[in-house]
Undergrad: 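Got a structure for you, questions after.
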Amino acid sequence: MNTPTAYFEGLARWKPLEIVFWLVLVGLFFVPGVNLPLLSQIIIWGLFAMSLDLLLGYRGILTMGHAAFFGIGAYTAGYLGKFGWTEPISALFLAAAIAAAVGLLAGRLVRSLGGIALLMVTLGLNLILYDFVLRSTELTGGDDGLQGVVIGQVLGMFKFDLYGKTAYLYSLAVAFLMFLIARALVKSSFGLALLGARENIPRMIMLGAPVGKDVSAAFAIAAAMAGVAGALLTQTIQSVSPDALSFQRSADVLVILILGGTARLYGGFVGAFVFLFLRDWLAQLNPVYWYFWIGLLLVVVVAFFRKGIVPSLGVLFTRMQKKRGTDERTPNRAAL
Amino acid sequence: MSDIVLETRDLRKAFGGLVVFDRLNFTLARGERHAIIGPNGAGKSTFVSLVTGLLQPTAGEIVFNGKVVNGQTPQERVKAGLVRTFQINTLFASLNPLESVALALLEREGRAKPSLAKVARESALLDEAEALLAKFGLAGELLTPTNMLAYGMQRLLEVVMAFAMRPQVLLLDEPAAGLSTHQGHELFAQLATLTAGTTVLFIEHDMNLVFRYAERVSVFAAGGMVMQDIPEKVRGDARVREVYLGA
Amino acid sequence: MSSVASILFNGISYGVLLFIMSVGLSVTMGMMNFVNLAQVSFSMLGGYVMVVAMQKFGVPFLWTLPLAFILVGVVSIVLERLLFRFFYGTDDLTQVLLTIGLVFMSIAIVTYFWGGTYQRVNMPEWLTGQQELGGFILERYRIFLVVVGGLLAFLLVFGLERTNFGAMVRACVDNRRAANACGLNTDLIFAVTFAVGGGLAGLGGAMSANLLGLDPNFPLRYLVYVLIVVSIGGMGTIGGSLIAALALGIADVAGKYYFPSIGGFFIYIVTVVVMLCRPLGLLGRRA
């Protein structure tokens, strides 16, 4: 019996595959000879892409400047580490808070824009910040980034080691906590309201919904999570470069999210996994022309797998279930 | 006609140099079913957008329940009881009717954003959503994705979502648009019973529907309102014939 | 020569280049709402056509310009027929990703054939050095740019306002569906416009190689500038693109001269402010 109560409970419930997903990430740690530093990068990029998903996937806001928040978090953690505040977890909180504040302002600024104007403003803001960081060499180290970043032990117990063991488990734990927050958010009436506004803004206004405020809030939360991802990167590699907030990074995270699939929360992580492994492999094959293949990948994905990996697998999965006859009536869980 | 729920005073709307209407004085009595008719470009939809705050008037006042609401946002007007539907479906394509109506009720109640697990335990809210959908004949489609619903059902869902806001005045912008004549009559017959007790203002082109369901009619033509009266008088009026025949 | 006049002149000649590179994008975006970031790759391609024609085949500089226009025009129409037209009506994101993918590919392809370094461009004698003109000493090449650019702008505006084809293009920009309903072959009109716009981008690239430098990163360097011209001018308006391109050229040159420490900053801020105040651009109209 699919009563409304059962339906909403079903939406909120953890699916077995979700649990498997996180267990696999934990399990990877114990695989001998695994490339932990690359896996840490994947987790961090995945978290970054998930934060973009809140804006792009759930609210339909195409921002070309998301790296700005990542960079703010990265530099915040970098400055703290450089000037003696070596405790990493409190640094994450600070990075999140500063990125959130900037995100709130940015959201306030762009919330009534759409189309090309939105694209240009977010891109412009990102470029302004990047230009500023590059030019203020005395303040930011310019092109060289911040040197001499010192990060203390996690919880005063675990030192960041050469093999990246601490870095991986630390990144994974933080990413999982962030995921829990994002999941709670998406599976709430706020998440439902974001989806509603993504689909139809006039209707949301006629439901009396504070459409603009919701955008600001979504921006602040997404920015905070991107900031945490940036801070994680700084802490795990113990340095910051201006690449952290380059337009290239904004474009890459977009590609990762589209590759994995939007409005899924997991899309970002899956996309990061595929993108970074592919990049690693292609760059080893040929360090000069590998961008050709990234470009081709983009064209092919856009042309044939516009939905991305996770949703395509989802469709496959439901088809298989149907064949086995266990599928009653697949409610449209696409959005949730 | 003593109890006026909505009126406009010398309302003017111009887009740049193009004047849609000027000095429009319109009244809507509480509890009546009122139709706006007029040729294309007479500003009917613009009027609804002005009243609900989606557009700003160039001059003049909009008075709702005796209060000037010009400065209020559309959302504030919705909370006060002024709700519209749109000529084109404005639904949530990837949400199903149950989610859509639950969202509407959650926004109406305006509570802190509860998790869906909590929503699942809000039996009063879910019962209301289910009852509303059932009332409009959508009980069997609670979980059908909106974009898979038959078109007529989508038009109904459009009304359900507006109705869920418990409006004092419901403004329906061509609710039968895109439906066949038969379906249109069916829809209006349903609406007449379902919205009994609510003040309804609707825009409609089909004169049969207008004269059958409206208690009063306002005729818009380029530049302003030609007349406002009961259907029998409107039907026989020479000016109205002129507007439609373009003589 | 006073610095103000020289900045104005340099800014205008730079603006002319930006205009030629972006005007095609502006018109096609106004017409089909298709965001083609690969427009900057067309410009790069035009630059390489010019360089190869001159160095490998000894074609005189002036003749390389129509060559760049035609070859790049052909390439763009092939891409339009084979790829882009299947993506009309998709969302901005899809188009942005598709065409940025093409930009990445074009960079790798150009690097493969011609290496990653800057190309040396040898201008004919009569276009190098300086020339006195009305009491000012000006670079000959920039005079050439301004003259050719002015001519092109005139031809475009004239062609769009006065010719039959121009009227059809305007009808498509204003309302594609209505134009279609009136029996216009919008498919054909769009393909031709796309080819002309692509060709112009190629021409602009060929003309700019000498001044802006030509290497595989050309598209990424000028992508933002082209987007700024299109968005600030307002999609689908040639006049708007011209004003925006000239203003951007002057602002960029002046900003780098007077405030070298803030440099590119200035134009980004102007862009953000203009977009916030006029989301449709200076001359943009809502369809």
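Any value given below was found using the heavy atoms of this structure, including those in side chains, with hydrogens, waters and symmetry copies removed. No experiment lies behind these values; they were computed from the predicted model shown. Below, chains carry the letters A, B, ... as their sequence lines are ordered, and counting in each starts from 1.
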Undergrad: Keeping C:S43 on the side-chain end and C:G204 on the backbone end, is there a donor-acceptor pair under 3.5 Å?
TA: no

Undergrad: Checking heavy atoms, do the side chain of A:L113, its backbone, both or neither come under 4.5 Å from chain C?
TA: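 A:L113 touches chain C through side-chain heavy atoms alone.
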
Undergrad: Centre-to-centre under 6.0 Å for A:F69 and A:F48, is that the case here?
TA: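 Here the rings of A:F48 and A:F69 have centres that are no less than 6.0 Å from each other.
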
Undergrad: Quick check on A:L62 against chain C: is it the side chain, the backbone, both or neither that has a heavy atom closer than 4.5 Å?
TA: side chain

Undergrad: When heavy-atom pairs shorter than 4.5 Å are enumerated against chain A, which of C:L227, C:T271, C:I228 gives the highest number?
TA: C:L227

Undergrad: Less than 4.5 Å to any heavy atom of chain C: does that hold for the side chain of A:L118, its backbone, both, or neither?
TA: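 For A:L118, there is no contact with chain C at all, as no heavy atom is under 4.5 Å.
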
Undergrad: Is A:L297 close to chain C through its backbone or its side chain, or both, or neither, when contacts mean heavy atoms under 4.5 Å?
TA: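 No part of A:L297 comes within 4.5 Å of chain C.
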
Undergrad: Can C:D91 and C:Q95 be counted as having a side-chain donor-acceptor contact under 3.5 angstrom?
TA: no

Undergrad: Does any backbone or side-chain atom of C:V35 lie under 4.5 Å from a heavy atom of chain A? Answer side chain, backbone, both or neither.
TA: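 The side chain, not the backbone.
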
Undergrad: Check whether any side-chain N or O of C:Q39 sits under 3.5 Å from a backbone N or O of C:M21 as a donor-acceptor pair, and report yes or no.
TA: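 It does hold such a pair.
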
Undergrad: Top residue by heavy-atom pair count (under 4.5 Å) with chain A, among C:I107, C:L97, C:V103, C:D92?
TA: C:L97

Undergrad: Do the non-hydrogen side-chain atoms of A:I258 and C:L93 ever get within less than 4.5 Å of each other?
TA: yes

Undergrad: Between C:L37 and C:L98, is there a side-chain heavy-atom distance shorter than 4.5 Å?
TA: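 No, their side chains stay 4.5 Å or more apart.
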
Undergrad: For A:A251, is it the side chain, the backbone, both, or neither that has a heavy atom closer than 4.5 Å to a heavy atom of chain C?
TA: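 Neither; nothing under 4.5 Å.
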
Undergrad: Between chain C and each of A:F292, A:W290, A:F247, count heavy-atom pairs under 4.5 Å; write down the option with the most.
TA: A:F292

Undergrad: Considering only heavy atoms, which portion of C:V96 lies under 4.5 Å from any heavy atom of chain A: side chain, backbone, both, or neither?
TA: side chain

Undergrad: If you count heavy-atom pairs under 4.5 Å with chain C, which of A:I128, A:V121, A:L298 comes out on top?
TA: A:I128

Undergrad: Testing the 3.5 Å rule here: is there a donor-acceptor pair between the side chains of A:T262 and A:D53?
TA: no

Undergrad: Does a donor on one side chain sit under 3.5 Å from an acceptor on the other, for C:N33 and C:Y88?
TA: no

Undergrad: Against chain C, label A:Y130 side chain, backbone, both or neither, depending on which of its atoms sit under 4.5 Å from a heavy atom there.
TA: neither

Undergrad: Side chain, backbone, both or neither: which part of C:F87 has a heavy atom under 4.5 Å from chain A?
TA: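 Only the side chain of C:F87 comes within 4.5 Å of chain A.
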
Undergrad: Can you tell me if C:S26 and C:S241 form a side-chain donor-acceptor pair at under 3.5 Å?
TA: yes

